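See below for the structure under consideration.
Owing to the predicted nature of the structure, the values given are computational and were not obtained by experimental measurement.
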Amino acid sequence: MHFHDTRGTGQANALAAVQAGVTQLDASVGGLGGCPFAPGASGNIATEELVYWLEDSGVATGMDLDAVLVAAAVTERSVGRELPSSLHRAGGKNAPRGTFAPA
């Protein structure tokens, strides 16, 4: 399944899909992307937000949230602009933003 987070419901839709039996979700680091075919559509669901939310909801993802946050920091520096991901801006559960950037 592939969801955008245009109205802030992308993660809820992803969780509902998993609860309905879906085993694969598409997301993008930092929430990059968009859709030229859906006017007004915001970026894709951020991978780090999806991992955080699913794990907090009891769904094992097998992904390392800290590693995904590092990838978001690297991606943000590479694209040269702030990513739309709320979790990337806020930091993970126990660490404020900036602590995931590789040395």
Transitive ILVMFWY side-chain link [X] to [Y], under 4.5 Å:
| X | Y | result |
| --- | --- | --- |
| L15 | L25 | yes |
| M63 | L69 | yes |
| V59 | V51 | no |
| L54 | F3 | yes |

Write down the atom of [X], the atom of [Y], and the distance for their closest heavy-atom approach.
| X | Y | answer |
| --- | --- | --- |
| L50 | A14 | CD1-CB, 3.6 Å |
| N44 | S28 | CB-OG, 3.4 Å |
| A27 | A46 | CB-C, 4.3 Å |
| A17 | M1 | CB-CG, 3.9 Å |
| S85 | E48 | OG-OE2, 2.7 Å |
| Q11 | D5 | N-OD1, 4.1 Å |

Check whether the side chains of E76 and H88 place a donor and an acceptor atom closer than 3.5 Å, and report yes or no. yes
Passes side chain to side chain contact (heavy atoms under 4.5 Å, CB included), V18 versus T23? Steps please. CA-CA 6 Å; V18 169; T23 59; over 6 Å; no
D26 and I45: side chain to side chain contact (heavy atoms under 4.5 Å, CB included), yes or no, with the steps? CA-CA 8 Å; D26 181 48; I45 295 174; over 6 Å; no
Judged by atom type as modelled, is there a donor-acceptor pair below 3.5 Å linking the side chain of R89 to the main-chain atoms of L83? yes
Would you give the length of the straight line joining atom CD of E55 to atom CG of D64, rounded to the nearest 0.5 angstrom? 10.0 Å
